[in-house]
Amino acid sequence: MRLAPVLFNEAKSLLSAALLSSPQPIEFFQSALILSMWSTTIARVPLRLDSWLLSGFALQHSIATKLFSTSTVNNGSGSSKQGLDRLCVWNHICLVHLHYCVGTRRKAMIERKDIDRCRLILGSENATNFETRMVAEVFLYWIVYESFNAPVDLLKTQAALQAWKSEWQYVFDRPRSQFVQMGFYFAQLLTYDQSLKTRSTAARESMINEMIRLSTAIVTLAMNTHDERTRHLTDHIYHMISFAAVTLSRLLHTYEPQLSMTHDIRGLESLIMSLVSWLHAIGYVSITRTL
């Protein structure tokens, strides 16, 4: 435990030096990606290591190198293993960046053409289930990101999310699809949460019920798919789970008199407490304390 802060400070020092040099080797992008994916875990305090900023720097540095250029990676079907690995790193940096653009409501350093480029890897017969899921999630979070750039049009955004699900339905039938499912629920929950304050009383009641369903689904899905890799999942997954629990708690607190007529309040409160115990058991309770 005492070694962790020392290693973190050393990593920050090396990163600060690397950001001043260009072009960077592939190891720089891999390191930036890892630090961005586990920034809360590594820094132990949210935003002490800013994943939006770090992934954005990595994307900016990618412009100054040929590692990710179209001529280097060719296309999915014609790429070497090295080219496919580089596509995977590029896609993952884009995904992590979008995670934090959505989570912190900040502007993306990528454009639609960059998002479309993430599909290149699907042209290879060697693209894995993980790599396919990553592309699906890139397009999912782009929908959410675009919806936040203007007053939320709930009907339009929900229609876009359903169209996304129809396009990527085959991914839901593959192993470890719970993370795609969780992301889909999370995207819906975010859009409802953004729209809640601007709706009429009747519309709010319907939205609250849907938000409770989505929050419950995320928490239940997380606890029901525990395995040996759960402890090592990225911080974003735990942010989604924690957001669902906090949202559910907030709704129960704010609308308890109305909800008591139609929902099992004690059952929902018990679900939240079960999640807290679950997070304690795998060592991620610090996340719930800081969100």
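- Of the residues listed (Tyr141, Trp52, Phe243), the one engaging His99 in a ring pair (Phe, Tyr, Trp, His ring centres under 6.0 Å) is Tyr141, and it is the only one.
- A side-chain N or O of His239 and one of Thr40 form a donor-acceptor pair less than 3.5 Å apart.
- The distance from the NE2 atom of His236 to the OH atom of Tyr100 is 8.0 Å, given to the nearest 0.5 Å.
- The pair Arg213-Glu210 meets the salt-bridge criterion, with a side-chain N (NZ, NE, NH1 or NH2) lying under 4.0 Å from an Asp/Glu carboxylate O.
- The CG atom of Leu161 sits 11.0 Å away from atom OG of Ser166, with the distance rounded to the nearest 0.5 Å.
- Below 30°, between 30° and 60°, or above 60°: for Trp168 and Trp164 the angle between ring planes is between 30° and 60°, a tilted geometry.
- Using modelled atom types, one finds a donor on one side chain and an acceptor on the other under 3.5 Å when comparing Gln158 with Thr191.
- Side-chain atoms of Ser51 and Ser39 include a donor-acceptor pair closer than 3.5 Å.
- Considering every non-hydrogen atom in both Asn126 and Leu84, the closest pair reads CB-CD1, 4.2 Å.
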Dump the intermediate steps for side chain to side chain contact (heavy atoms under 4.5 Å, CB included) on His92 and Val89, then the final yes or no. CA-CA 5 Å; His92 215 151; Val89 171; 5.8 Å; no
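- Following chains of ILVMFWY side-chain contacts shorter than 4.5 Å, one cannot reach Met273 starting from Tyr238, and the two form parts of different hydrophobic clusters.
- Closest approach of Leu221 and Gln178 over heavy atoms only: CD2-O, 3.4 Å.
- Of all heavy-atom pairs spanning Cys118 and Trp90, the tightest one is SG-NE1, 4.0 Å.
- A 4.5 Å side-chain heavy-atom check between Leu15 and Leu54 finds at least one atom pair inside the cut-off.
- At least one test fails for Arg133 against the ring of Phe179: distance under 6.0 Å to the centre or angle within 45° of the axis.
- For the pair Arg119 and Phe139, the cation sits on the ring face: its NZ or CZ lies under 6.0 Å from the ring centre, inside 45° of the axis.
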